[in-house]
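The block underneath contains the structure these notes are about, expressed in structure tokens.
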Amino acid sequence: MEKLIITGGVPLGGEVAIGGSKNSALPALAACLLTEEPVVLHRVPGVRDIRTMQSLLGAIGARLERRNQGTVTVQAGKIERAEAPYELVRTMRASSLVLGPLVARTGGARVSLPGGCAIGARPINLHVSGLEQLGCRIGQSHGYIVAEAREGLRGALVHFDRITVTGTEDLMMAAVFAKGETVLENAAREPEVSDLAELLVKMGARIEGAGTSTIRMEGVGRLHGAEHTIIPDRIEAGTFAIAAAITGGDLKISGCAPGHLQALIAKLGQAGVEVTIESESSMRVRGSAGLRSVDVITEEYPGFATDLQAQFMALMTQAEGISLITETIFENRFMHVLELARMGANIRVEGRQAMVAGPRALGGAQVIASDLRASASLVLAGLAAAGETVVDRVYHLDRGYERIERKLEKAGAKIRRTQ
Ligand code: EPZ
């Protein structure tokens, strides 16, 4: 199993270039199922979750061609199997994003229920109830959701009991052909939702209000091919901003969207980190010795992203005072705490709150990654720790970061990957 070996204590410098958003490319790939014409996507990141989604589209019957520099062409000329099998869904829950498109395109779908996940139960009940409101009949058998709408879907008011990112995306794709008007209320406002809506509109869908809590759609007869460039990955950019801060470095982050990171930038500023937005697609982050503790509450966009909580916690271990970090989105997203504690951090967890007392000098250690963003947190702690840190099970990291060690090495970090 591959590991990352990190020797900490080096301030990062120079420049890193951010890739396309994994969490935007995933629904965009699923949306290709909605037309028999080719769809060209640029800036698709070369990460494991994307490869899983590409395998799923292939199993469904789509033809894919990946050119260099992240361009992927998908043509779902015909749907051979409107199904997402367990062996793929269990490795990536976002496979449920094919549910809506398959029902819309073929009138039926059989999608494995995602199993449990390290960070929480993560059911898809809101995806299912939304489809039922559009007139889909849903059953469950042998661990699979079986959806059926032979006569097509009809527009309806869908109110989400709680904000769900992929639930909003799934229903938006399901409703493109639904007869009449569909309104999605209490919809997710993440930039990835807006990016998907932009692609669907390019393909001929009629959607208004993406990026707000109320999305209005008018069903159309069919969708056609399109070409689209995926937005930058705000979580990758945020991770590198925190890497610059925790190492006391001076790093330029290019190819990003600072406008998608306002909550993080505000918190970094309160903590004493200097963030300069240099353009719409670049920012400069300078760490400082005297970091101050700040409190964070994770919230749906535009609040502080849950996907940056673990990384920010690593930073707070180096800050003066007590930082209270509250995780409101997932019920078990503190798996990184015990590993950070093994490196010397002083963190106490009470339910959904973690109290981080700092600054505490971190010492390199052998640590194990448990999920994608927890592993990023351990890499950041390793960059700041004295001595050598070995992060095991980096396959978690590879799900969402494209060869992170190369980008960090280019910025001066002492880091390498081994078997
Ligand atoms: C998306 O997951 C992201 N993944 C996650 O990123 C991210 O952490 C999450 O949104 C929150 O921002 C992708 O976009 C592929 P949710 P998603 O549905 O859509 C509950 C990463 O690291 N819920 O917004 O699965 C759910 O349990 C990943 O890249 C239901 O109860 O998250 C959670 O507590 C990790 N029923 C809350 O809502 C449902 O039907 C928010 O989940 C759906 C969700």
Side-chain angles (χ1 to χ4, degrees), residues 4 6 12 14-29 41-53 69-70 92 94 165 190-192 195 229-247 249 251-265 267-268 273 275 277-285 298 301 304-315 336 369 371-383 391 394-411 413 415 417:
L4 289 182
I6 305 162
L12 296 189
E15 181 172 344
V16 287
I18 299 303
S21 163
K22 161 181 88 82
N23 289 350
S24 184
L26 287 170
L29 285 164
L41 299 174
H42 300 293
R43 275 190 87 170
V44 177
V47 297
R48 204 155 66 92
D49 275 7
I50 294 297
R51 288 191 287 277
T52 303
M53 179 60 87
Q69 304 311 320
M92 186 188 64
V165 176
E190 272 67 4
E192 293 77 29
D195 201 30
T229 298
I230 300 292
I231 55 171
D233 193 310
R234 59 192 169 99
I235 305 304
E236 184 190 21
T239 303
F240 278 106
I242 296 170
I246 202 170
T247 58
L251 186 66
K252 179 171 180 181
I253 300 172
S254 58
C256 65
H260 294 162
L261 284 161
Q262 294 304 331
L264 172 69
I265 291 170
K267 285 297 169 184
L268 287 174
V273 178
V275 181
I277 295 176
E278 297 185 328
S279 74
E280 276 183 3
S281 61
S282 71
M283 59 186 180
R284 182 178 173 189
V285 181
T298 65
Y301 192 87
F304 191 96
T306 174
D307 291 349
L308 289 169
Q309 176 259 106
Q311 299 91 313
F312 197 81
M313 185 184 289
L315 180 65
H336 42 287
D371 63 86
L372 169 53
R373 307 305 175 181
S375 44
S377 165
L378 298 178
V379 171
L380 297 180
L383 293 172
V391 180
V394 285
Y395 60 83
H396 288 295
L397 205 58
D398 294 337
R399 295 190 55 169
Y401 295 93
E402 193 167 357
R403 304 301 297 194
I404 193 171
E405 75 277 8
R406 286 196 189 139
K407 292 188 179 181
L408 286 169
E409 200 176 17
K410 186 167 172 283
I415 181 171
R417 183 183 288 249

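Only this structure's heavy atoms are used, side chains among them; waters, hydrogens and symmetry mates stay out. Residue numbers run from 1 in the order of the sequence given.
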Mind checking the [atom1]-[atom2] spacing from [X] to [Y]? Nearest 0.5 Å is all I need.
X      : Y      : atom1 : atom2 : answer
Glu192 : Ile235 : CD    : CD1   : 7.0 Å
Asp233 : Asp307 : CG    : CG    : 9.0 Å
Leu251 : Met283 : CG    : CE    : 9.0 Å
Arg417 : Ile6   : CZ    : CD1   : 11.0 Å
Leu308 : Leu315 : CG    : CG    : 11.5 Å
Arg399 : Arg373 : CZ    : CZ    : 9.5 Å

With sequence neighbours excluded, residues passing side-chain hydrogen bond (donor to acceptor under 3.5 Å, both in side chains) with [X]:
X      : answer
Asp195 : Ser24, His228
Glu236 : Lys407
His336 : Gln309

Original post:
With a cut-off of 6.0 Å (strictly less than), are more than 12 heavy atoms of other residues, nucleotides or ligands near CZ of Arg406?
Top reply: no
Where [X] and [Y] come nearest, the two heavy atoms and their spacing:
X      : Y      : result
Ser21  : Pro232 : CB-O, 3.6 Å
Ser375 : Leu397 : OG-CD1, 3.4 Å
Pro258 : Ile265 : O-CD1, 3.8 Å
Leu264 : Ala241 : CD2-CB, 4.4 Å
Ala243 : Leu408 : CB-CD2, 4.4 Å
Ala237 : Leu261 : CB-CD1, 3.8 Å

Original post:
Listed by chain and number, what are the ring pair (Phe, Tyr, Trp, His ring centres under 6.0 Å) partners of Phe304, not counting sequence neighbours?
Top reply: Phe312
Original post:
Could you go step by step and tell me if Leu4 and Val379 meet the side-chain contact (heavy atoms from CB on, under 4.5 Å) rule?
Top reply: CA-CA 8 Å; Leu4 289 182; Val379 171; 4.1 Å; yes
**OP:** Please list all pairs passing the salt bridge (Lys or Arg N to Asp or Glu O under 4.0 Å) test where one or both residues lie in residues 15-26, with sequence neighbours left out.
**Re:** Lys22-Asp49
Subject >> Thr306 backbone acceptor or donor facing Thr298 side chain under 3.5 Å >> reply: no
Original post:
Judged by atom type as modelled, is there a donor-acceptor pair below 3.5 Å linking the side chain of Ser282 to the main-chain atoms of Cys256?
Top reply: no
Original post:
Mind checking what makes salt bridge (Lys or Arg N to Asp or Glu O under 4.0 Å) contact with Glu402, not counting sequence neighbours?
Top reply: none
Subject >> Verdict with reasoning, Ile253 to Ile18, per side-chain contact (heavy atoms from CB on, under 4.5 Å) >> reply: CA-CA 7 Å; Ile253 300 172; Ile18 299 303; 3.5 Å; yes
Original post:
Does the pair Leu26 and Ile50 meet the rule for a side-chain contact (heavy atoms from CB on, under 4.5 Å), with working shown?
Top reply: CA-CA 6 Å; Leu26 287 170; Ile50 294 297; 3.7 Å; yes
